[in-house]
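Along the sequence shown, the residues carry numbers beginning at 1.
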Amino acid sequence: MADKAAGPEEAAAADGAGAPDIEVLTRAHAYLREVVAAVGDEQWGAATPCEAWTVRQVLNHARIDQQGYGLALTGGRPDSDPFHPADALDGDPAAELAKVLDAVAGAYAGLPADTGQVPTPLGPLPLPLAIGAAAMDAAVHAWDIAVATGQDRPLPAGTAEGIGPAAEHLVDHLRDSYQVFAPARETPDGHDRSATLLAFLGRDPRWSPRAD
């Protein structure tokens with residue numbers, strides 16, 4: 001893991017972060033789209049692994065987070081604070097999300113291949129780490145929604161593998177400095193890349209809704 005005393009950009013520069021390409025973001029976005037499209041009308045108020053947040057709140061948060069990654073490239077700001085997100089899902093949640101994801105993916109795909117650091121909600125990051133961070137946010141919240149709504153859609157192992165470098169370089173600092181991740185958990189199966197990542201991000205890979 002990167003030095004906990006260093007910020008995200010310093011840790012990335014010191015460790016020479018790997019290079020997840022735009023495909024990891026595309027896969028994470030596809031996972032989030034698939035999960036959101038399968039949420040039933042009666043499930044938006046369901047509890048999630050994000051303590052005290054409903055499915056609707058997690059989706060609003062994820063939408064604003066992704067919007068932030070896209071707008072940061074042009075100096076813009078999202079519609080609202082992602083931790084107090086405005087609700088924009090009264091109509092078609094999947095369609096509202098798609099607008100944001102299409103814009104973010106398009107913005108990153110349009111950057112030259114030799115781009116160095118880019119602005120992000122976490123501060124300037126090397127392009128591979130910025131892509132990985134956006135993908136991590138989308139994929140993990142997709143998993144939150146999937147398990148909260150009883151979907152058999154686990155975090156894909158390939159996606160977990162692709163966002164691993166971003167998690168390793170960024171999460172300890174974000175957890176220690178801003179408490180945006182719960183403490184890391186014991187991994188139930190060290191050979192399961194998805195479970196390992198979820199546990200590192202403070203999730204219980206075996207989480208399930210409470211029985212009524």
Problem - Residues in side-chain contact (heavy atoms from CB on, under 4.5 Å) contact with Thr115, at least two apart in sequence or another chain - result: Leu111, Pro112, Val118, Leu127
Problem - Note, Val171 side chain near Met136 side chain (heavy atom, < 4.5 Å) - result: yes
Exercise for the section: For residues Thr159 and Arg27, determine if any side-chain heavy atom of one lies less than 4.5 Å from a side-chain heavy atom of the other. Expected result: yes
Problem - Pairing residues for Asp102 by the side chain to side chain donor-acceptor pair (under 3.5 Å) criterion, not counting sequence neighbours - result: Arg33
Handout entry: Set of residues satisfying side chain to side chain donor-acceptor pair (under 3.5 Å) with respect to Asp137, sequence neighbours excluded
Key = none
Problem - side-chain contact (heavy atoms from CB on, under 4.5 Å) partner of Pro49, chosen from Asp204, Val58, Asp144, Leu198 - result: Asp144
Handout entry: ILVMFWY network linking Val147 to Leu201, side-chain heavy atoms under 4.5 angstrom
Key = yes
Practice task
Please identify each residue that fulfils side-chain contact (heavy atoms from CB on, under 4.5 Å) with Ala47, with sequence neighbours left out.
Solution key: none
Problem - Set of residues satisfying ring-ring contact (aromatic ring centres under 6.0 Å, His included) with respect to Trp53, sequence neighbours excluded - result: His61
Problem - Student check: side-chain heavy atoms of Phe200 and Arg175 closer than 4.5 Å - result: yes
Problem - Main-chain N/O of Ala130 paired with Tyr69 side-chain donor or acceptor, under 3.5 Å - result: no
Practice task
Check for a donor-acceptor pair, side chain of Gln151 on one end and backbone N or O of Val35 on the other, with a separation under 3.5 Å.
Solution key: yes
Problem - Counterpart residues, ring-ring contact (aromatic ring centres under 6.0 Å, His included), relative to His29 (two or more places apart) - result: none
Handout entry: Salt bridge present between Glu96 and Arg63 (N-O < 4.0 angstrom)
Key = no
